[in-house]
Trainee: 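My questions will all concern the structure given below.
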Amino acid sequence: FGRKKMPLSRRNHLKSLLLQIGKEMLEEEARQAEEEKMAYMRENCPTFSFPQCTLELQELCRQLHKQIDLVDEERYDMEMKVKKCDKEIDDLKMKVQDLNGRFKKPTLRRVRMSADAMLAALLGSKHKVSLDLRANLKQVKKELKEEEKQTGDWRKKIEDKAGMDGRKKMFEAEA
């Protein structure tokens, strides 16, 4: 609570000083990077002298080919190291997942596909399978229901099944 606000002119002055110092630091870093680049170029790329005769030109070509071969070998070695490290990283990731005992489940996307198209995709194009769901439904015959209604009075059926004779008839009908 006891903190006083800084006047606007002072704040702007400090801000401009910070920006000026930052600008100087960026310029210094750029100058150092340029110096490092020039030193590297002097060290690795000697000044080019034009050959006077064909022998000197052939010798220059041989030297350039040797340098190219060396660079290619180094590049190949580095690629192999990177591939080996990538494989080790993948193996370690798999070990970590095995130790955790759970795997990341990928997010599933909704696929709009008919049943026929899904079967065709699963079975391949050789099998022509049409999935007609109505063909597999049970057929109910109305005639059977009508016959059951016509069989008669329900009281008569109960009287027939009553007693030992009725039970005997029931067992004979099941067998």
Side-chain angles (χ1 to χ4, degrees), residues 1-140:
F1 288 106
R3 216 166 130 186
K4 292 183 180 179
K5 278 194 167 182
M6 189 181 301
L8 187 63
S9 60
R10 172 96 172 132
R11 191 177 332 151
N12 287 338
H13 177 67
L14 289 175
K15 197 183 287 186
S16 65
L17 284 176
L18 283 174
L19 288 173
Q20 186 178 5
I21 291 171
K23 181 180 174 186
E24 290 173 2
M25 290 173 72
L26 285 174
E27 289 173 354
E28 179 66 24
E29 285 179 12
R31 189 182 54 75
Q32 284 180 352
E34 187 66 29
E35 287 177 2
E36 289 175 4
K37 181 179 174 183
M38 293 305 290
Y40 179 82
M41 293 298 283
R42 279 190 300 257
E43 184 180 309
N44 292 324
C45 301
T47 57
F48 183 73
S49 60
F50 288 101
Q52 301 297 328
C53 63
T54 57
L55 290 175
E56 290 178 3
L57 184 61
Q58 288 176 349
E59 184 60 33
L60 178 66
C61 287
R62 285 188 193 105
Q63 287 177 353
L64 289 176
H65 280 290
K66 285 180 184 177
Q67 287 179 347
I68 290 172
D69 289 341
L70 287 174
V71 169
D72 280 343
E73 287 176 8
E74 289 177 13
R75 181 184 54 83
Y76 180 77
D77 291 342
M78 294 299 281
E79 283 179 4
M80 289 298 116
K81 285 181 183 177
V82 167
K83 284 182 182 179
K84 183 180 175 185
C85 289
D86 286 344
K87 187 178 179 194
E88 287 179 11
I89 289 171
D90 290 339
D91 290 343
L92 290 173
K93 282 182 182 177
M94 291 299 290
K95 285 183 181 178
V96 167
Q97 283 181 349
D98 288 343
L99 290 175
N100 286 341
R102 60 177 178 235
F103 296 94
K104 275 190 176 178
K105 294 181 182 176
T107 56
L108 300 177
R109 294 179 299 165
R110 182 172 293 245
V111 177
R112 295 182 182 263
M113 187 182 292
S114 67
D116 290 333
M118 200 174 298
L119 280 175
L122 289 174
L123 300 176
S125 60
K126 293 179 182 175
H127 301 287
K128 276 286 192 182
V129 177
S130 65
L131 185 65
D132 188 12
L133 296 175
R134 292 184 181 166
N136 295 333
L137 293 176
K138 207 179 211 182
Q139 295 292 328
V140 178

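Remember, predicted model here, so these are calculated numbers, not experimental data. Nothing fancy with the numbering, it's 1 onward along the sequence.
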Trainee: Do Lys66 and Leu70 have side chains that get closer than 4.5 Å, going by heavy atoms?
Mentor: no
Trainee: At what distance, to the nearest 0.5 angstrom, does CG of Leu19 lie from CG of Leu14?
Mentor: 11.0 Å
Trainee: Closer than 4.0 angstrom, basic N to acidic O: yes or no for Arg31 and Glu34?
Mentor: no
Trainee: Take Lys84 and Lys87, measure what side chain to side chain contact (heavy atoms under 4.5 Å, CB included) needs, and give me the verdict at the end.
Mentor: CA-CA 5 Å; Lys84 183 180 175 185; Lys87 187 178 179 194; 5.8 Å; no
Trainee: Going through the checks in order, is the side chain to side chain contact (heavy atoms under 4.5 Å, CB included) test met by Lys95 and Asp98?
Mentor: CA-CA 5 Å; Lys95 285 183 181 178; Asp98 288 343; 5.5 Å; no
Trainee: What is the distance from atom CD of Glu59 to atom SG of Cys53, rounded to the nearest 0.5 Å?
Mentor: 10.5 Å
Trainee: Under a 4.0 Å N-O cut-off, is there an ion pair linking Lys83 with Glu79?
Mentor: no
Trainee: Is the shortest side-chain heavy-atom distance between Glu28 and Glu24 below 4.5 Å?
Mentor: no
Trainee: Working to the nearest 0.5 Å, report the span between CD1 of Ile68 and CZ of Arg75.
Mentor: 11.5 Å
Trainee: Heavy-atom count around Met80 CE within 6.0 Å, excluding the residue itself: above 12?
Mentor: yes
Trainee: Looking at Arg11 and Met6, what are the two nearest heavy atoms and their distance?
Mentor: NH2-O, 3.5 Å
Trainee: First locate atom NE2 of His13, then atom CZ of Arg10, and finally report the distance between them rounded to the nearest 0.5 Å.
Mentor: 6.5 Å
Trainee: Side chain to side chain contact (heavy atoms under 4.5 Å, CB included) for Lys93 and Ile89? Distances and angles first, verdict last.
Mentor: CA-CA 6 Å; Lys93 282 182 182 177; Ile89 289 171; 3.9 Å; yes
Trainee: Rounded to the nearest 0.5 Å, how far apart are CD1 of Ile21 and CG of Leu26?
Mentor: 12.5 Å
Trainee: Kindly compute the distance separating CZ (Arg62) from CG (Leu57), expressed to the nearest 0.5 Å.
Mentor: 10.0 Å
Trainee: How about Met94 and Gln97: do any of their side-chain heavy atoms sit closer than 4.5 Å?
Mentor: yes
Trainee: Is it the case that atom CD in Glu88 sees more than 12 heavy atoms from other parts of the structure closer than 6.0 Å?
Mentor: yes
